[in-house]
Number of protein chains: 2
Amino acid sequence: MFVKSGALFSSRCSDMVLSMSSSRTARERVRAELTREITDIARSQLATEGAGGLSLRAVAREMGMVSSAIYRYFPSRDDLLTALIVDGYNAVGEAMESADAARPREDHTGRWLALCHAVRDWALAHPHEYALLYGSPVPGYQAPDDTIVAAVRGTLVYGRIVSDAHGAGSLTPPDICPPSPASFAEDAARVREIMPEVPDDVVARALIVWTGLFGWINFELFGQFKNTILDPAAAFDHSVRCQARFLGLPA
Amino acid sequence: MFVKSGALFSSRCSDMVLSMSSSRTARERVRAELTREITDIARSQLATEGAGGLSLRAVAREMGMVSSAIYRYFPSRDDLLTALIVDGYNAVGEAMESADAARPREDHTGRWLALCHAVRDWALAHPHEYALLYGSPVPGYQAPDDTIVAAVRGTLVYGRIVSDAHGAGSLTPPDICPPSPASFAEDAARVREIMPEVPDDVVARALIVWTGLFGWINFELFGQFKNTILDPAAAFDHSVRCQARFLGLPA
DNA sequence: CCGTTCTGAGAGCAATGCTCTCTTAGGAGA
DNA sequence: TCTCCTAAGAGAGCATTGCTCTCAGAACGG
């Protein structure tokens with residue numbers, strides 16, 4: 001009932017095993033089903049209570065199960081959180097992807113703006129989940145590598161925009177920055193896997209702009225702007241437009 | 001034994017009542033003393049375990065008290081956290097202040113760079129505390145207004161630098177940004193209380209730069225830069241130098 | 001000196017994460 | 001179809017947490 005084709009998906013795939021739906025045995029199917037149900041309930045708890053309010057026992061209760069049964073699916077609370085984080089990264093990543101795809105490929109500035117607003121909109125719609133991804137790491141919890149690779153998905157979109165703009169020759173960054181430090185060359189090379197062909201200087205700017213985007217959203221979402229910004233949407237839009245110019249995108 | 005004169009203070013003042021030391025009655029003195037001891041222990045717990053690992057009972061245990069006694073000093077765990085947050089803001093604020101004060105007043109760029117490095121250094125030295133301040137708000141916890149006013153302290157330093165630079169005529173922002181939205185005028189006026197005389201356009205840039213600073217530190221501290229930046233200090237320095245140029249500070 | 005207030009102790013409640021053991025149901029091979 | 005083995009849920013239990021009571025003693029102000 002979850003794999004109806006055109007249906008609205010309230011759940012997000014997190015487990016490897018889930019991706020190959022209608023798997024062999026009935027037991028495996030119901031296991032996948034239950035796993036998904038657990039993450040769904042957990043996600044709704046996360047949305048209402050925040051990461052700290054996520055309780056395995058409450059999830060079990062809501063499922064009509066006994067708490068110990070949950071441990072057949074997630075060996076610990078942290079593993080559940082990890083699954084939610086991976087889901088979250090995929091969700092923002094998807095939001096970024098479709099926002100980007102909705103713009104003509106050569107409208108680099110428009111793609112960047114759409115990307116930014118997609119992130120902010122998603123963050124406002126899922127504040128606790130956003131906090132889980134881009135806020136402080138959850139107490140006593142160390143992000144496993146799974147989450148890191150999931151986190152890259154959104155960054156890929158960004159990288160493509162920058163790379164496309166550079167490739168099209170429409171990237172004319174203002175000449176205001178000092179040269180990047182020598183130690184940055186290697187980093188830039190690594191980042192270039194995500195935004196090919198882009199010179200070091202632009203890579204550096206791209207990082208600044210990218211962190212600036214999330215820095216702004218964090219401030220807005222985590223209350224640092226309280227009593228300061230009256231029209232957050234407009235201010236945000238202006239901010240990312242400026243960032244675009246700093247990066248070298250056309251107005 | 002705690003108020004030895006020349007002693008090294010590991011504790012930070014949080015309560016109003018603490019500031020006027022050697023208060024009237026002995027009872028009040030010991031109360032202030034114990035309050036401070038509680039926050040000290042709590043802070044060290046925070047430093048090692050993170051916000052989630054902060055336990056009232058553990059604090060009580062370490063003090064040789066029974067847990068319920070703590071509630072005579074802090075009505076709830078959240079209130080303890082609030083005190084720690086206020087302390088934290090004051091600590092970063094102080095770090096910013098002294099970094100700023102160590103530079104000649106007319107070296108605006110140097111003051112900005114010193115400010116940035118002071119924040120980063122403090123963040124690296126107290127990651128959990130920093131996360132409490134600039135990361136996601138703690139689960140189920142809503143920042144009271146006390147913390148907001150405390151948060152301003154560091155921002156004041158920043159405002160003074162921008163304002164000084166502008167007043168000295170050494171602020172020449174590159175003309176790359178679109179005009180700020182109409183709705184921003186009122187916000188700018190409010191921000192101008194912190195950085196007087198500064199025109200709207202510069203206020204907008206100042207906000208972008210400020211959020212960018214914390215955005216970068218967040219990425220670095222919360223692991224978003226994992227496997228990306230090899231020499232974080234150098235990259236950070238370059239980033240804030242670029243930000244300075246974007247703001248209009250001389251190179 | 002006496003009554004008020006403040007403070008710590010102690011027990012207790014509800015809730016949490018997690019670990020056991022036990023029983024039952026599902027599935028694979030004969 | 002029968003037989004085993006494994007997986008899954010139930011249930012009890014442990015240590016821990018935040019927080020609320022009540023109670024006794026100490027400090028304080030008059």
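In what follows, chains carry the letters A, B, and so on, assigned in the order in which the sequence lines appear, proteins first and then strands, with residues in each chain numbered from 1. Quick caveat, the model's predicted, so the values are computed rather than measured.
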Distance-only side-chain donor-acceptor flag, B:Asp79 / B:Ser76, under 3.5 Å |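 Yes, a side-chain donor-acceptor pair sits under 3.5 Å.
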Subject >> Interatomic distance where CZ belongs to B:Arg29 and P belongs to D:dC28 [whole Å] >> reply: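 Rounded to whole Å, this separation is 9 Å.
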Atom CG of A:Asp79 and atom C1' of C:dG17 are separated, to the nearest Å, by 13 Å
**Asked** Going by the angle between their ring planes, with limits at 30° and 60°, are B:Phe225 and B:Phe219 parallel, tilted or perpendicular?
**Response** perpendicular
Would you tabulate the nitrogen or oxygen pairs shorter than 3.5 Å linking the protein to nucleotides 28-30 of chain C?
none

Of all heavy-atom pairs linking B:Pro232 and B:Glu220, the shortest is CB-OE2, 3.3 Å
For nucleotides 8-18 of chain D, 5' to 3', base contacts (B), sugar-phosphate-only contacts (S) and non-contacts (-) with protein non-hydrogen atoms under 4.0 Å give BBBB-B---BB
The salt bridge (charged side-chain N to carboxylate O under 4.0 Å, His left out) partners of A:Glu62 (sequence neighbours excluded) come to none
_Give me each pair satisfying salt bridge (Lys or Arg N to Asp or Glu O under 4.0 Å) with a member in residues 64-75 of chain A, each pair once, sequence neighbours excluded._
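Listed by first then second residue: nothing to list.
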Taken in chain and number order and not counting sequence neighbours, the residues that satisfy salt bridge (charged side-chain N to carboxylate O under 4.0 Å, His left out) with B:Arg192 are B:Asp200
| task | Nearest whole angstrom, please: distance from the P of D:dC19 to the CG of B:Asp78. | result |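 Roughly 7 Å, once rounded to whole Å.
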I need the full list of side-chain hydrogen bond (donor to acceptor under 3.5 Å, both in side chains) pairs touching residues 207-218 of chain B, with sequence neighbours left out, sorted by first then second residue.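 Qualifying pairs, neighbours excluded: B:Tyr130-B:Asn218.
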Does A:Arg153 qualify as a cation-pi partner of A:Tyr89, given the criterion of NZ or CZ under 6.0 Å from the six-membered ring centre and within 45 degrees of its axis?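 No, a cation-pi geometry is absent between A:Arg153 and A:Tyr89.
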Rounded off to whole Å, could you give me the CD-to-P distance for the A:Glu28 and D:dA7 pair?
->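 Nearest whole value for this atom pair: 11 Å.
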